[in-house]
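Heads up, the thing below is written out as structure tokens.
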Amino acid sequence: AKDVDGNTPLILACKQSEACLHFLDDEPFDWTEEIVAILVNASPHTVPDEDIAGMSALEYAISNDSSSKTVGILQKACRQEARRKQLYRQRNASWMARRASELQGTEQTSPLTSAST
């Protein structure tokens, strides 16, 4: 799901990373890592999405100086999603090639084709 500006929950979390900074026992604690990990696990297909400004969650995390762990979570998720899409395209192309070959073979042996020649 995206808002009117094309923001996914993951993009918003990375845009608002400073809002996730809290203090526990007078020590800063950044909730962004946990939030990003939960959102990535819930919707890995949204990781590469961009908002209307053309920025992804990873780009916002980098530009907002998010922790290296947060950036690493997003980089790993982007890599995995790219591999998943590549595998899907390869399988789809292979299926389409087989199907085209089957259809060509069907056309050559079709009774309609042989009757019209």
Side-chain angles (χ1 to χ4, degrees):
K2 291 186 176 188
D3 67 12
V4 295
D5 295 321
N7 295 310
T8 63
L10 183 59
I11 289 174
L12 288 172
C14 293
K15 274 185 174 181
Q16 311 279 330
S17 61
E18 59 277 350
C20 297
L21 185 62
H22 295 280
F23 287 86
L24 296 175
D25 298 327
D26 295 327
E27 292 294 320
F29 183 78
D30 188 356
W31 287 96
T32 307
E33 294 169 10
E34 286 77 11
I35 293 168
V36 165
I38 289 167
L39 292 171
V40 164
N41 287 331
S43 297
H45 61 281
T46 66
V47 173
D49 287 358
E50 297 177 346
D51 63 9
I52 60 172
M55 297 268 293
S56 69
L58 176 58
E59 292 168 317
Y60 280 113
I62 292 169
S63 68
N64 288 334
D65 293 323
S66 293
S67 72
S68 59
K69 186 173 179 183
T70 298
V71 171
I73 291 168
L74 292 165
Q75 286 175 322
K76 181 179 178 184
C78 283
R79 247 188 332 270
Q80 289 173 334
E81 185 60 16
R83 287 181 185 142
R84 187 196 64 77
K85 284 182 179 180
Q86 182 180 26
L87 183 59
Y88 173 79
R89 286 187 199 111
Q90 289 171 346
R91 287 180 179 166
N92 195 34
S94 176
W95 179 85
M96 289 180 73
R98 281 194 316 272
R99 186 69 181 135
S101 177
E102 290 170 2
L103 290 174
Q104 286 176 349
T106 304
E107 288 176 7
Q108 293 172 357
T109 60
S110 170
L112 297 176
T113 306
S114 60
S116 63
T117 54

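One-based numbering along the sequence shown. Predicted model, so just to flag it, every value in this text is computed and none were measured.
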Measure the spacing between [atom1] of [X] and [atom2] of [Y] and express it to the nearest 0.5 Å.
X: Ser68; Y: Glu33; atom1: OG; atom2: CD; value: 7.5 Å
X: Ile38; Y: Ile73; atom1: CD1; atom2: CD1; value: 10.0 Å
X: Leu39; Y: Glu34; atom1: CG; atom2: CD; value: 11.5 Å
X: Lys15; Y: Ser66; atom1: NZ; atom2: OG; value: 13.5 Å
X: Leu10; Y: Thr46; atom1: CG; atom2: OG1; value: 5.5 Å

So, for [X] and [Y], which heavy atoms are closest and what is the spacing to 0.1 Å?
X: Ala77; Y: Val40; answer: CB-CG1, 3.5 Å
X: Leu74; Y: Cys14; answer: CD1-SG, 3.7 Å
X: Pro48; Y: Ser56; answer: O-CB, 4.3 Å
X: Cys78; Y: Val47; answer: SG-CG1, 3.4 Å
X: Glu50; Y: Ile11; answer: C-CD1, 4.0 Å
X: Ala1; Y: Pro9; answer: O-CD, 3.6 Å

Could you give the side-chain donor-acceptor pairs of residues 84-95 under 3.5 Å, partners two or more places apart or in another chain?
residue, atom, partner, partner atom, Å
Arg84, NE, Glu81, OE1, 3.1
Arg84, NE, Glu81, OE2, 3.2
Arg84, NH2, Glu81, OE2, 2.6
Ser94, OG, Arg98, NH1, 3.0

Task: Residue pairs fulfilling salt bridge (charged side-chain N to carboxylate O under 4.0 Å, His left out) with at least one residue in residues 68-80, sequence neighbours excluded - done: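 The answer is none; no pair qualifies.
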Open item on the list: Within the structure provided, determine whether Leu12 and Tyr60 are in side-chain contact (heavy-atom separation under 4.5 Å).
Closed with: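 They are not in side-chain contact.
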Task: Pair Asn7, Lys2: side-chain N/O donor-acceptor within cut-off below 3.5 Å - done: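 No, no side-chain donor-acceptor pair sits under 3.5 Å.
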Task: Positive for side-chain contact (heavy atoms from CB on, under 4.5 Å) with Ser67, one of Val71, Asp65, Thr70 - done: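 So, applying the side-chain contact (heavy atoms from CB on, under 4.5 Å) to Ser67 and each of Val71, Asp65, Thr70, only Thr70 qualifies.
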